[in-house]
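Reckoned from all heavy atoms, side chains included, excluding hydrogens, waters and symmetry mates. Counting starts at 1 for both ligands and their atoms, following the listed order.
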Amino acid sequence: MATSPQAKYRKDYQAPTHTISEIELFFELHDDQTLVTAISQVQQQSTSSTLILDGEGLILQSIQVNGVDWTSYTQSELSLELYHLPETFTLTIMTQIDPQANTALEGLYKSGGAFCTQCEAEGFRRITYYLDRPDVLAKYTTTITADKTLYPFLLSNGNKVAEGELENGKHWVKWQDPHPKPAYLFALVAGDFDVLRDHFVTNSGRKVDLEIFVDKGNLDRANHAMVSLKHSMQWDEQRFGLEYDLDIYMIVAVDFFNMGAMENKGLNIFNSKFVLANEKTATDTDYLGIESVIGHEYFHNWTGNRVTCRDWFQLSLKEGLTVFRDQEFSSDLGSRAVNRIHNVRIIRGPQFAEDAGPMSHPIRPDKVIEMNNFYTLTVYEKGSEVIRMLHTLLGEEDFQKGIKLYITRHDGTAATCEDFVLAMEEASGIDLQQFRLWYSQSGTPLLKVSSDYQATSATYSLTIEQTTEPTADQPNKQPLHIPFDIELYQPDGTAIPLQCNGMPLHHVLNVTQQKQTFVFENVPARPIPSLLREFSAPVKLEYNYTDQELGFLMVHSKNEFARWDAGQMLLAKYIRNNVDSVQQGKTIVLPDSVIDAFRGILLNDALDPAFITEMLTLPNHNEVSGWYKQVDVDAIAQVLHQFKVMLATELEDELSTIYHLLKQEEYSISHEAIGQRALRNICLSYLAYTEQGERLVNRQYHQSNNMTDTMSAMSAANSAQLSCREALMEDFSAKWQHDGLVMDKWFALQGSNPAEDALLVIKNTMKHPTFSLKNPNRIRSLIGSFLTMNPVRFHAQSGEGYQFAGEILRELNTSNPQVASRLIDPLLKFRLYDQHRQALMKKELDALKNLDNLARDLFEKLTKALDQ
Ligand code: B3K
Ligand code: ZN
C-alpha cells in the first residue's frame, strides 16, 4: 500500500462544488477492453473553477470540455482534477476498463458469461471519472454496444428508447431514465438469459411490465420471485400508499455477487440465491429470504431512490427504514411473531456483538475509511429497530403521516437522518429531541429493572436504571429515550389495566432518565410483569425473574413474542448456570420443571407450529458467547449439546408423536405448510440424538420430495454426527454437483461439521469441482460457516483454524477485499478468548496487517481491532 488510506468524517460534509444535470454514457463492451464515454452537463456551484472527479483503476483515454481537448488537469491514484473550467460546460471523458480482470465485483465485471455492475457505494468511479457521491443527481441516458450472439440482452436503467443492429455482428440499445439519480443507482447488464415476464397494474391504473432475467435453463426457478415482486408492489400501495413510477421493473439474477441484491433504479441486480427457487432446490428459509429481499429492493424505490442519502454517513436513512419496511411486509404476509423473533435473534446475537467489538459505531457513523465496511447489522438491523421505536412512539397513523411528509418534502433529493426525524416530529407533535441520540450514540444500553409491591396501598413500582457501557469508538454515553412496553398480570393470567397518578396509561413507558421509577395504582395483588414486550427497544434487560414467573409468562402472556422471550430467559438462566458448572468440573443439569415447561409448549395444539418451533430453538453458540466478556468456547458447546440431548431424551415420546403426525404427502409453500414442516424438522433435529435418530433421518432423506426436508435430514445427521452422514453427503453431492447454488447448502454443512477432522475435510472440499474461491456464495458457504458456525473447530487450541482463516484472507485481500472484510469479523473478536487463543489469533491479524498490498477494507478493521 502506497499511502495509508484516509478517513472521512461526517462533520466535514460540504456541498458539491459542481452539479451534473445530465449524463450520457456509451459502453462498447469487450471482456478485457471496454470503452466508456461519459458526456456530462456540468454546472459550477461554488467559486471554484476546479472540478475534482473520483476514479479508480481507470485508463484515461481523452478529456474534452465543450468539444475541445482539455489539457489543464492532473491525475492521481483516486482522482482527476480539472482546472480553469467555465461555469457551465459539457464534459466528455473516455476511459478504458477491464471487466474480465475485475474480481472485486465492484464497478463493471463479468459474472459467468454476463456483464453486470455494482456501483453502491463507490463503484461507479471504477467505470468512469465522476462526482461519485450520492448528493449529485443526474438524468442518465445509456447506450450499450456489444456482440449480439453473446449478449442478446443489453439492459440499463429506465425505459428502452432505441435500438439497432451494426454490421459486425454487434447491436446496440439505448436506455433513458427520467428520474434523476446518484451514480450508485446506475446499472448495466449484458448477457443471454431466459426471461420470466408478467405485469402489474398500479392503483392508479398504470401497467408496469415485470421482467426477471435468469441464466438459461432456470426459468422454472423464477416464479416465486415474481410472485414476491407483485406482493411487494401491492403491499407498498396498501400499507404506505406508494406506487411504482416507471413502466418497467427488471430483476437480473447473477451468480457472482458480493451481497444479497442491489436496488438500481428499474434494474435490480440480485445474487441468484435470492431469486432462484423451486421445491426441489430451495428450502422454506430460502423462499422466505427471497420474499424479503425482493421486497426490500422494491421498497428502496421510494426509500432510497426517490429520496436518497445526502452522504454515506446517512446510509441508515435508506437502509434502516427499508429494513423496517421489509420486516413489516414479511410480518403482514406471514407470522408477525415468528418474524419478530427472527429479527430479535439477529439484534441480540450478532448486532450486540458488533456493538461490543472493535467496529462499534452508531447507526449513523461519524468516521469511515471504506464505506463498504459500514453495510453493517448496526446500520441495517439496529437502524430498523430505531425506526420501529419511532413507530411504537407515534403509532401507525402518525408514523404514516410522518412518512408522507418526509417523502413529499424530499422527493427527488438527497436527505439526511435529521430530515427524517424532523418530519416524524412535525407530523406527530412528539418531541424527539432526546430520541435523536439513537442516531449518534453507539453501544447497547442495559436496563436493570427492579420491582416492589405494597399491598397496603395496592401499588406496584418498577424502577428502571439505564446504562450504556463505553464502546471502542465512544467512551461517554448518555441516557436514551427508550420506549419500554410492559404488561402486568394477575396470578390468574388476566392483565391489569395500567394506571399511574390516577390516569390510565398506555402499555409503553417513556424511559428517559438514568434512573426512573414508575408507580402503578390499583394493583390488587403482586403482579407478574411482562417487560420489554415485542423487544420495544434494542437493549439488554436484567430482571430477577423466578422460574415460576417465567413459566407463567410462557403460558399466560397475551402476546406470542413475550411467551417466546420468557422461554429464552428460562433457557438463558440454565445455560449460564451450567456453563459455570462445567467450568467447576460439575455435571450439567436441567430441572424437570424446565423440561416440563417445554413439554407444555410442544403439546399445546392451540399454538402455531412455526411458533412452537421458535420456542424449541435454543440460542446458538454465538448468541450465548455474546453474554460473556471471556468466552469459554468448549464449555458453551458442551452445555448446548447436552441441553439438546437432555431435551431429546426427556421429550422423545412427544417429539416422536408430533414428528409422525405432521408428515405431509403433498408439498405446498403456504405459511401453514412451512410452519408444520418447521416443527416436524425441529423434532427430527432433537430425535437425531435418540436411538431412533439414525433410522428417522435416513428415511426422511430418502423419502423427501422437497429440499426443506432433505436439508433438515442432512443437517440433523451433521449436528448429531450420525453414521449415515457420509452416505447422505455423498448422495447429495453426486446429485447436485452441477449446481453451485444448491451445493452451497452442502458446503455449509461441511463448514459447520462438528467432527474432529472438520478442517481437513474442508481443505479437501475446496478441491471439489463446484467450489471456487472466486465466487462469494461458495466462500461464504464453506469458509464462512467454518469461521462463524463451527466454534469448536475454528477455535481449536492448535490454532489451525486461525491459520487457515489467515491464508484465505490473504488471498481474498487481493482478489475480493469486500468479501475478505466480512469474513474477518470472527478473528477481530480475539480479545474475548483466553490468552493462548488470543495470541494465535493476533498472529494472523498481524500478518495480514503487514501485507504490502493491504486493501482499505481490511486496513480499517485491522487497525481498529489491533490498536484498541
Ligand atoms: N443497497 C445495497 C447494498 C449495497 C452494499 C454495497 N457494499 C443492497 C440493499 O441494502 O438493499
Ligand atoms: Zn437496502
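Less than 6.0 angstrom separates the ring centroid of Phe329 from the ring centroid of Phe299. With ring centers used as reference points, Phe270 lies 6.0 Å or more from Phe257. Ring to ring, Trp312 and Tyr13 are not that close: their centroids are 6.0 angstrom or more apart. For an aromatic pair to be called close, the ring centres must be under 6.0 Å apart, and Tyr109 with Phe115 fails this. Ring centers of Trp235 and Phe240: under 6.0 Å apart, within the cut-off.
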Expected rows: ligand 1 N/O, protein N/O, dist below 3.5 Å:
residue  : atom   : partner : partner atom : Å
ligand 1 : 1 (N)  : Glu120  : OE1          : 2.5
ligand 1 : 1 (N)  : Glu263  : OE1          : 2.7
ligand 1 : 1 (N)  : Glu263  : OE2          : 3.4
ligand 1 : 1 (N)  : Lys318  : NZ           : 3.4
ligand 1 : 1 (N)  : Glu319  : OE2          : 3.2
ligand 1 : 7 (N)  : Asn372  : OD1          : 2.8
ligand 1 : 7 (N)  : Gln818  : OE1          : 3.4
ligand 1 : 10 (O) : His296  : NE2          : 3.4
ligand 1 : 10 (O) : Glu319  : OE1          : 3.0
ligand 1 : 10 (O) : Glu319  : OE2          : 3.1
ligand 1 : 10 (O) : Tyr380  : OH           : 2.4
ligand 1 : 11 (O) : Glu263  : OE1          : 3.2
ligand 1 : 11 (O) : His296  : NE2          : 3.0
ligand 1 : 11 (O) : Glu297  : OE1          : 2.8
ligand 1 : 11 (O) : Glu297  : OE2          : 2.9
ligand 1 : 11 (O) : His300  : NE2          : 3.2

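Expressed to the nearest 10°, the angle at the Zn ion (ligand 2) joining NE2 in His296 with OE1 in Glu319 is 110°.
In this structure, Arg133 and Pro182 approach most closely via the heavy-atom pair O-CB, 4.3 Å.
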